[in-house]
Structure formats: C-alpha cells, structure tokens
Amino acid sequence: MKFSWKWIKEVSNLPNITLEESITKLTLAGFEIDAINNKKHINDTTLELSLTANRSDAASIIGIARELKTIFKSQNIPEVNKNIKIKKQNIQFNTIELTKSKFTDKNLSDIQITIIKNIQVQDSPEWLINKLEACDIVQDNTLSNISKYINIKWGQDIEIFDSNKIDHKEFREKSMAIRHINIKENKNPIIISDETSNKFFESLTYKNNLISLLGIKSNSNFHCDDNTSSVIIFGHICKPQYVKKTTKLLKYKTEKSQKHVKGLSRNDFINAYNETIILILKLAKYTQTISNYIWHKQNNPLTNILINTKNIDNILGNINQTRPLSTQEIINTLKQLNFQPKEHQNFIEVNIPEYRKYDIKRQIDITEEIGRIYGFNHFIDTLPRRPYKGYISRINVLIKKVRNILNQLGLYEIIHYSLVNTNNQESRPYISLHNPLQEDQRYLRKYLIYNLLNTLKYNNKQKNKFMECFEISKTFQVKRLIDNQKEIYYKENIHVAGIIGKDNFSRRLWSEKGQELSWFQAKGLLESLFEQIHAQIEWNNDFKITEYYKNIINICHPYKFAILRSKTNQRIIGIFGELNANYSKEINHNHKSYIFEINLKEILKTIQIKKHLSYIFTKYSLYPSVTRNVCLKLNKKITAKAVEKIILSHNKKLIESVEIIDEYNTKNHIDKSRNVSYKIIYRSLHKTLNDHDINEIDKKLSQTIKYIHQTISSSI
C-alpha cells in the first residue's frame, strides 16, 4: 500500500523523527519498504509498504501512525484514534438508535445510515487533493474524494450514494431496508455470474433496487457525481465468517470483501463515519434536517491472555551475554503495545485491544510482539555451544532399517500426501482441517494402503508395469476416552504399508512359465523383515480386532488374512492378507497380490535385541527322541497355534517340540471341520524312554486330544 509520509507525521504527532530513522524502525518491526517516491510539487513523499496478511489493522494512515507511536516508545504521544464528535450547533440532527428493525441483521456488527438532503457540493480543497495524490489515489468528484480519503486514513469503507439516482421522484427513507434477496433476480444486479442462481445474500435495498451487497460490492449506478444534491452515507461492518462464506458461494472477491474477511476495527468505524459527516458538512452547503440511523452490536469483552516470563526468555533468548529481558522491560513493552499488562506472582495478564484481536490470539503471538517492538537486533542470534551431540530416536532408526530391508526385497518406495479426498469412504472417520488449501485435500488420512492401491490403479490406466511398493508415513486417528465417550483426542501413528505379488515370482526351470507369488512365499518375505529387526510377532486370525483394522480386512480375501500380534502383550500391530477379487479387478491384476499395514510404534515395543551376555543356555539331552505323528479333526475357527499351546502345556517336561506337518480340508463347504497333522517329539534329559514311558506319554496325549475335542470344539 502507498502512504503519504507527511500525512503519517501529522496524524502520529511525530514532528522530529526523520524518514530514514522511521524506515529503519519499520523494517525491523516487520514492515517491508518496497519503494520511496519524492513528490516535490506537493512537498511530500510516498511510501510503498508491504503488509503481512495478519496485519490488516495497519492498512491505513491511522494504523501506520499507531505502529510508529508504539515503535518509538514515546510516552508523550497522544492517542492517534481519539474520539471524533460531530458539533451539532445550528444543525437539526435527528439520531435514531435502531434495536430490532429492518436495518439490523445477525451478520452485521455495526451499521450507520445518514441521509442529508439539499446540499451544494463545492470543489475539493487543495489539502484533500494533495493527500490523495501523495497516496497515488485517482481523484474524482468531491464526495468520491471524501470516501477515498476516509478509506486510506481509517481503513473503513464508508460509501456515499446519490439518493436522487436511487429514486428520481421522491426518496422515501422508509423504503430502505436490509433484506435477504436473490441478487440475480434483482432489477439492477451488481454481480453477474452463474454461481449466483438460487442463492440469497444480505443487501441494502430501496424498494426493488439493490444499493449494496453487504461486505462485497456496492452499486456503481448510484455513486455521486458533481450534480449530486442529496446523499446517503452508508457504513457497515460484517462478521468475517459471513463474508468468507459469501465469497466462497459467489466465487467472487473484491478489495472490500478481503477487508471484511481480515476483520475491520469497530473502534475506528465510529470515528471514520463521524469524520465523513463532518467533511461533507464542511465542503457542502445544506439546508434541511439530517436523519441518522445507528445500530452497534454490543462489544465483546477484551481477550485476556496469561503469559509466563520464563517462556518469553526461552523463546527470545538473552539481550546480552548475561541476562534475558527483565520483567519490567517486558511490562514496559506491553504498555507500548497498549496491551494493559497486569503483573501477578508467576505470570503477566494482558488485555488485547480491539484492533489487534484478529492477529493476537496466543502466547507465542505476544512473545513475537515483544521481540518485534523491543527490537530483534538487540537479542543474541548465535546458538549456544553444546558439549554433546544429538541422538537419533529409536523410531527413526527402525524406519531407516525397515526402509533398507524392503528395498532389498525388491519393493519401490512411494510417498503420498497426508491429505485425502472426502469421496474416499475408507478414510472415515477422518480428521478435518479448519483451513484447507483445497477442498479435495481437507481430511487427514487414516490408512496408507488405500493410497497405494489408488497409485497402482492409476499406473495401470497409464499402462505402466506393476510395481511392488511400500510407504512409510504418518496416519491420524480420532480416539474417544474410555471414561467419557463424548470427549475425543487425536492420535498420530507411523505406519508401513505395502503391496507385493507378481505373476512370475519364481520358476523351477528357465523353460517353464513363471509362477505367481504364493501365500507362504509372501508370508516368508514379511517374516524375514521381522527376523532382521528382531521383532517378536505372532500370526493368527482370531477375529478379536478393533474397528480400525476391520476396514483393512474388508479388502482382503475372507479366508486368507492374518492378524499380526505382539508376543509380549498380544496387542495388534498390523494386518497381512491376500487382496480380494474386487480390488484385484480394480487395479487390473490377474494374479494374487498381498497387502500389509503395520504400526511401527507398536512393533518397536516387540523388539528384543539379545546381547551376548543375556543369552540363556540350557542343557542338551544326550538321549534319543521318540516321534509321534497325530492327526486331529478341528473346527475351522480353532487355530493350529492354539492347539499347539495346549499340547505343550500338558506335557512340558517330556515334549521337546510340536510341529504342524500339514492341513487337509474337504471340498464340502457345509463341513466346518478340517484335519491338521502334528509332529510331536518326546525326549528326556535324564534317561532313554522305555515302553512304559511311551505308553504313559500316549495316554496323556490321548487325554489332551480328548480335552481339545470336548472343551474347545464345544465352545465354538
């Protein structure tokens, strides 16, 4: 924005400061000076400042003057926004306080309408022309110049309309109102767009004429010219949420709408409006009564924030080699910012002024303001020396190791965005962002595997070769507290997910066609990963899983998946399974593909790396072993691992090992049983087993098998 340096000095009452000194101070305070233009014919200098998006309060002469007052820390400078009052001597000024009327609306914070009839507009005075020219503002008629003057001085949009253009016969005040109208169906639409159909917006209207679309744009057909004899002065402040929603629906932005979205100062609104009336009365002759309609919503209480001086010291650091900012220096800086500090025992309470409430919301914002006003150049900018180096966390070591192992197994690493589209039903329930850059990237992902499947689907459409791939990244979940189901918290995890499987994975002879990857080969690849990272993992499918992992199982073959659990605490660490037929068709795979998704934070808890001093040695038996092969008929819901544990628990001293040999299933789908063969090895540490011992072992084994059939099978 461009500002008049002479005007800034006049408003801020800083006659002794130089331009060079002010430029240096403003630059250190975060206001970048883009250009400086000397205008000798009006004895002024134009400053072009680059303002940050959060400093809408400084986008005016008053805002820059207020900032200079703060930067130069002068206690003798009067307030730059002192109240401006209209002197009502010899003026019949009828002010009507509006409560609930046709001019009030829930989306408005302030509104003021003044009607002045029978005026004679004079030419713009030289001082007004010079100030507008110093700010590089194009001049027009006197009433338009007054509106532009108020805009650059106060940052407020006070509009002046010609009432005779609105109604050339007889203007009736009672015909004006704030209404909810369809602007496309209006007789004088001010925005022509396909997006406006069947949508209603708050507008200032006169009968069927649209005067101004609140917070967006006014009707240029009703603007003043040199022949204007009656005026309507209209000022308003819309709530930022309403204007943001309106511009989104219209897909239409203006300079005015951007101001309302960033937030206009309600304190400056009244002063700006009163000065507009004063200038019109000063530069135009009037003969009739002035009607003034006012409605101001009750101000919200000031925002109170508690700050800890230790936190300020930790963030800003020291101002010299020995000490940080003292408490008194912090309080003095807060006073300069007009934050009204109150010192307590361990903290300072500050009240944020109304014109800074949109950008000062947290403790860190106040800390930044303290450093900015005190001067970042006063703080030591060198990092302290440390006698020790940082360390790499265990999870980062694990991630690096898992990445190397999967690369060695032939998998490509893929990286996706952490944001997903709302159409992705598998991502629900999801965590929504409050301020997304794009609507199709509004939600944080819950899984990694779906992004991998979408990538394979896209590559197949592009006729690229199939890739065995994996991804290591963060996932995000919504959790509910056990004690209070209404309260939720957000959990962030680190997962690894992958897709493996080829149509020519292995072949016995070069002349033969390659064979696709089998279940046991895919399982062996994943087991090699666990073995190399020393993870203690169990494979089962007991169906006792959380809702989170059910969404992954839904895309697996109903009978070919495994739940990966920790051996130590039985917590689920992931899912491995064969991709079902529907998803295989979507990614255009005619061969079997296998997917997995594993929580690396949980798998980290299962890792037990044994050192050479922690191994436990057991005595090796010198006596021969006895082998028994047993075939058990089991229900399909009973896992072979569970039966193995039962056999071992009944004969711990004599059983050396239990090994699953094979499994036999019938083609009859009604039959819910299957045959599982076990190889059981008996051995004693003290003697050779004789016939009596073998008979006792067989007897106990028969009892164990009977127990399995009677107890476990009956419970299924």
Does the distance from a Lys or Arg side-chain N to an Asp or Glu carboxylate O, for [X] and [Y], drop under 4.0 Å?
{"X": "Lys25", "Y": "Glu20", "value": "no"}
{"X": "Asp157", "Y": "Lys256", "value": "no"}
{"X": "Asp268", "Y": "Arg66", "value": "yes"}
{"X": "Lys153", "Y": "Glu275", "value": "yes"}
{"X": "Arg362", "Y": "Glu368", "value": "no"}
{"X": "Asp57", "Y": "Arg55", "value": "yes"}
{"X": "Asp225", "Y": "Lys165", "value": "yes"}
{"X": "Arg172", "Y": "Glu170", "value": "yes"}
{"X": "Lys2", "Y": "Asp136", "value": "yes"}

With distance as the sole criterion, is a donor-acceptor pair present between the side chains of [X] and [Y] under 3.5 Å?
{"X": "Ser265", "Y": "Glu354", "value": "yes"}
{"X": "Ser229", "Y": "Asn164", "value": "yes"}
{"X": "Gln336", "Y": "Thr70", "value": "no"}
{"X": "Asp44", "Y": "Asn130", "value": "no"}

Worked check of salt bridge (Lys or Arg N to Asp or Glu O under 4.0 Å) between Arg179 and Glu202: CA-CA 6 Å; Arg179 291 195 300 155; Glu202 308 297 341; over 6 Å; no
Would you call the rings of His260 and His236 parallel, tilted or perpendicular, taking 30° and 60° as the class edges?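 Taking His236 first and then His260, their aromatic rings lie parallel (interplane angle under 30°).
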Any side-chain to backbone donor/acceptor pair from Thr254 onto Ile216? Under 3.5 Å, distance only.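 Between the backbone of Ile216 and the side chain of Thr254 there is a qualifying donor-acceptor contact (under 3.5 Å).
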Judged by atom type as modelled, is there a donor-acceptor pair below 3.5 Å linking the side chain of Tyr273 to the main-chain atoms of Thr114?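 Yes, the answer is positive, given that a donor and an acceptor are paired below the 3.5 Å cut-off.
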Look up atom CG in Leu279 and atom OG1 in Thr142, then write down how far apart they are to the nearest 0.5 Å.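 OG1 of Thr142 is found 11.0 Å from CG of Leu279.
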Ring centre gap for Phe476 and Tyr430 strictly below 6.0 Å: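 Here the rings of Tyr430 and Phe476 have centres that are no less than 6.0 Å from each other.
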What about the rings of Trp154 and Tyr149, do their centers lie closer together than 6.0 Å?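 Trp154 vs Tyr149: aromatic centres not under 6.0 Å.
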